[in-house]
There are 2 protein chains.
Amino acid sequence: MSKKGEMTELKHEHDYYYDMAEFFSIFADPTRLKILHALLDGEKCVKKICEIVGLNQSTCSHQLKILRQYKVVKAKREGKFIRYSLDDEHIKDLIEVGEEHINE
Amino acid sequence: MSKKGEMTELKHEHDYYYDMAEFFSIFADPTRLKILHALLDGEKCVKKICEIVGLNQSTCSHQLKILRQYKVVKAKREGKFIRYSLDDEHIKDLIEVGEEHINE
DNA sequence: TTCACATATGAGAAAATGATAATATGTACA
DNA sequence: TGTACATATTATCATTTTCTCATATGTGAA
């Protein structure tokens, strides 16, 4: 997955398969999957997410940014905290497809 | 996605999210998606696949090997030709999920 | 066996990706 | 205002990925 801006300029406009590959790329990283899994049961602040996935704040913040860019998660500020939650109803389903495949 | 053998040695055994990420990685590449799409309507030989995806024989062969390793496609020899076809019933569904997301 | 064709493999370059440290920004509260 | 805490950003590095060229292997037919 490349940065959204650059990609759009380098590839052919409306390149169907690039877009699809980009979509699947979101879920092709264990850290992002852990974050998404952590959000399955409700919104959480960044610090909490860091604890759950076991990686430092910088790493989580980067991955959260990617997930936000692709509208997979959304963020809302509450005082000092920024709480993240799933932004797309279909995400749960997709993660379940992956889980089913793994559990075979 | 890394080579199957290495991966298994480097990561923790039974690492759930690595396995899931690996699964989604298969579909996170436009060339592989093009190949899979080309196989949706039936088996094809490598040369034919190259023509459809518009990439050279070496590139296709490499990607077909990956798809084979992950049991997404299967190959059968018929004389000089090797015909590839989808090996997993669920693949069609997964590609459709991706397509739906793109078409929103 | 030799030739022509179909496919696979190995090595290397270029690009993308993910993790991290260091630093910046934003917010609440004293 | 200043300080402490929460989060984001920037720069950099190591690793992984994809593509391509050159070459190897496998197959059928002459």
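Just so it is clear: chains get the letters A, B, ... in the order the sequence lines come, proteins before strands, and each one is counted from 1.
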Under 3.5 Å, sequence neighbours excluded: what are the donor-acceptor pairs made by side chains of residues 46-55 of chain A?
none

Using a 3.5 Å cut-off and no angle test, enumerate the donor-acceptor pairs between side-chain atoms of residues 58-67 of chain B and protein atoms at least two apart in sequence or in another chain.
residue : atom : partner : partner atom : Å
T59(B)  : OG1  : N56(B)  : OD1          : 3.0
Q63(B)  : OE1  : R32(B)  : NH1          : 2.7

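Here Y84(A) reaches the OP1 or OP2 of dA8(D): one of its side-chain N or O atoms lies under 4.0 Å away. Side-chain N/O atoms of R83(A) include none lying less than 4.0 angstrom from OP1 or OP2 on dT7(D).
Listed nucleotides: dT18(D), dA8(D), dG18(C). Nearest to the side chain of R32(B): dT18(D).
Listed in residue order, the members of residues 52-65 of chain A having a heavy atom less than 4.0 Å from DNA chain D are Q57(A), S58(A), S61(A), H62(A), K65(A).
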Give each protein N/O atom lying under 3.5 Å from an N/O atom of nucleotides 25-30 of chain C, with the pair distance.
residue : atom : partner : partner atom : Å
dT27(C) : OP1  : R77(A)  : NE           : 3.4

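D41(A) is linked by a side chain to side chain contact (heavy atoms under 4.5 Å, CB included) to K44(A), counting only residues two or more places apart in sequence or in another chain. Under the side chain to side chain contact (heavy atoms under 4.5 Å, CB included) criterion, I95(A) pairs with L36(A), I91(A), E99(A), M20(B), not counting sequence neighbours.
Linking Ile, Leu, Val, Met, Phe, Trp and Tyr residues whenever their side-chain heavy atoms come within less than 4.5 Å leaves I35(A) and F81(A) in two separate clusters.
At least one side-chain heavy atom of L94(A) sits less than 4.5 Å from a side-chain heavy atom of F24(B).
Relative orientation of the Y17(A) and H37(B) rings is perpendicular, given thresholds of 30° and 60° on the angle between their planes.
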